[in-house]
Amino acid sequence: MEERIARGLAALGLTPPPDAAPKLAEYGRLLLEQNQVMNLTAITEPDQVVDLHFLDCAALLTLGVDFRDKSLIDVGTGAGFPGLPLKILEPSLRLTLLDSLGKRVRWLESVCEALSLDNIACLHARAEEQALAEGFRDGFDLVTSRAVAALPLLCELCLPYVKVGGLFLAMKSVDSGEELNQAGRAIAKLGGRLLPPVDYEIPGCGVRHRVVRVEKLSPTPKGYPRRWAKIQKAPL
């Protein structure tokens, strides 16, 4: 796994810290081990974990966005994607991993400890509730999400966390054009501006994915995000 990671990172044009590939390989081992008792990922082949998790997340570092010394919250992080791979590859990140399932958050805390990662907060909370808290609302340089929710819903959950001038990066499939069209109204209402999406190919497997980029132009208006039931029932 470690050798495949190193080759893939090189193919992306990245020069990571010397310990990045070993740490990612250990992360992969811990993920597959825990996945036997907890539903963390449907991907169970080590090579696919490398390609479809680690290298997919690492591709965010090739977009021309400066991650150095930035604050980042990964909303609905699940098994830690993309937040933890980004932190391993760019150690200066000040990272918050947010998830609504307590047992996942406790596992993420154990992974951070096992990998000797610092400056990480693992937070058990609902995204739409935590976004109202002081220090979180309009508080992060970068917000990421790899969740499968529709983009209009994701924007309402995630854009409130982005500080003015920051970016929301949503990892999506390349056939998400209709979602982009549907999200335009939500993005404008929440204080954002849609930038051209970036498509990329994961090295070694030929899979293409897309990063949707939203720039925060103004603070999110009061009243957003709404309660989850309302978000689902009446998307912006």
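Taking CD of E2 as the start and CZ of R29 as the end, the distance is 13.0 Å to the nearest 0.5 Å. Between the CE atom in M1 and the CZ atom in F54 there is a gap of 6.0 Å [rounded to 0.5 Å]. Taken from CD in E179 to NZ in K172, the straight-line distance is 3.5 Å, to the nearest 0.5 Å. Interatomic distance, K23 NZ to L30 CG, rounded to the nearest 0.5 Å: 12.5 Å. For the atom pair S145 OG and L153 CG, the distance stands at 11.0 Å (nearest 0.5 Å). Here D141 contributes atom CG and L72 contributes atom CG; the two are 8.5 Å apart, rounded to the nearest 0.5 Å.
R210 contributes no side-chain N or O that, together with a main-chain N or O of D175, makes up a donor-acceptor pair within less than 3.5 Å. Put simply, the side chain of D99 gets close to the backbone of G78: a donor and an acceptor are under 3.5 Å apart. The backbone N or O of A234 lies less than 3.5 Å from a partner atom in the side chain of R226, making a donor-acceptor pair. Between the side chain of H209 and the backbone N or O of S173 there is no donor-acceptor pair closer than 3.5 Å. Between the side chain of K216 and the backbone N or O of L159, at least one donor-acceptor pair lies under 3.5 Å. When atom types are taken as modelled, the side chain of S92 and the backbone of D69 share a donor-acceptor pair closer than 3.5 angstrom. At distances below 3.5 Å, not a single donor-acceptor pair connects side-chain atoms of E128 with backbone N or O atoms of P225.
V198 and V162 fall into different hydrophobic clusters, where Ile, Leu, Val, Met, Phe, Trp and Tyr side chains are chained together by heavy-atom contacts under 4.5 Å. In the hydrophobic clustering of ILVMFWY residues, with side-chain heavy atoms under 4.5 Å counting as a link, L157 and L169 come out apart. Y161 and F67 sit in two unconnected hydrophobic clusters of ILVMFWY residues. Membership requires side-chain heavy atoms under 4.5 Å apart, directly or through other members. Residues L117 and L98 are members of separate hydrophobic clusters, defined by side-chain heavy-atom contacts under 4.5 angstrom among Ile, Leu, Val, Met, Phe, Trp and Tyr. Under a hydrophobic clustering in which Ile, Leu, Val, Met, Phe, Trp and Tyr are joined whenever their side-chain heavy atoms come within less than 4.5 Å, directly or via other members, V50 and V207 fall into the same cluster.
Residues P160 and T220 come closest through the heavy atom pair CA-OG1, 3.3 Å. Nearest heavy atoms, L132 versus R137: CD2-NH1, 3.7 Å. What you find for S71 and G139 is that their closest heavy atoms are OG-O, 4.0 Å. Nearest heavy atom pair, residue C112 against residue L84, reads SG-CD2, 3.9 Å. Of all heavy-atom pairs spanning P46 and L32, the tightest one is CG-CD1, 4.1 Å. The two residues L95 and G83 come nearest to each other via the heavy atoms CD2-O, 3.5 Å.
Residues V49 and T41 fail the side-chain proximity criterion, which asks for heavy atoms closer than 4.5 Å. A 4.5 Å side-chain heavy-atom check between L89 and L9 finds at least one atom pair inside the cut-off. Counting heavy atoms from C-beta outward, L61 and L86 have side chains that approach closer than 4.5 Å. Between F136 and L123 the shortest side-chain heavy-atom distance falls below 4.5 Å. The side-chain heavy atoms of L180 and P197, taken from C-beta on, include a pair separated by under 4.5 Å. Side-chain contact between D138 and V164: absent, with no pair of heavy atoms (C-beta onward) separated by less than 4.5 Å. A heavy-atom distance below 4.5 Å is not found between the side chains of E156 and K230. The side-chain heavy atoms of L167 and L195, taken from C-beta on, include a pair separated by under 4.5 Å.
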Give the intermediate values and the outcome of side-chain contact (heavy atoms from CB on, under 4.5 Å) for residues Y27 and I88.
CA-CA 10 Å; Y27 178 18; I88 291 168; 4.2 Å; yes
Intermediate values then yes/no, side-chain contact (heavy atoms from CB on, under 4.5 Å), L97 and V105:
CA-CA 8 Å; L97 300 172; V105 171; over 6 Å; no
C155 and K189: side-chain contact (heavy atoms from CB on, under 4.5 Å), yes or no, with the steps?
CA-CA 10 Å; C155 286; K189 184 178 286 287; over 6 Å; no
Chi angles and distances behind the side-chain contact (heavy atoms from CB on, under 4.5 Å) call for L60, V211:
CA-CA 8 Å; L60 292 180; V211 177; 3.3 Å; yes
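Within 6.0 Å of CD on E113 lie no more than 12 heavy atoms contributed by other residues, nucleotides or ligands. Summarising the local packing, CZ of R208 is surrounded by more than 12 heavy atoms from other residues, nucleotides or ligands at distances under 6.0 Å. Annotation for R227: atom CZ does not count as buried by contact number, only 12 or fewer foreign heavy atoms lying within 6.0 Å.
With R94 as reference, N119 is the one residue of N119, D118, L142 to meet the side-chain contact (heavy atoms from CB on, under 4.5 Å) rule. Only one option out of L31, D74, L40 pairs with F81 in a side-chain contact (heavy atoms from CB on, under 4.5 Å); it is L31.
Take Q36 and apply the side chain to side chain contact (heavy atoms under 4.5 Å, CB included) test, not counting sequence neighbours, and it matches no residue.
Under the 4.0 Å criterion applied to side-chain N and carboxylate O atoms, R106 and E109 are not assigned as salt-bridge partners.
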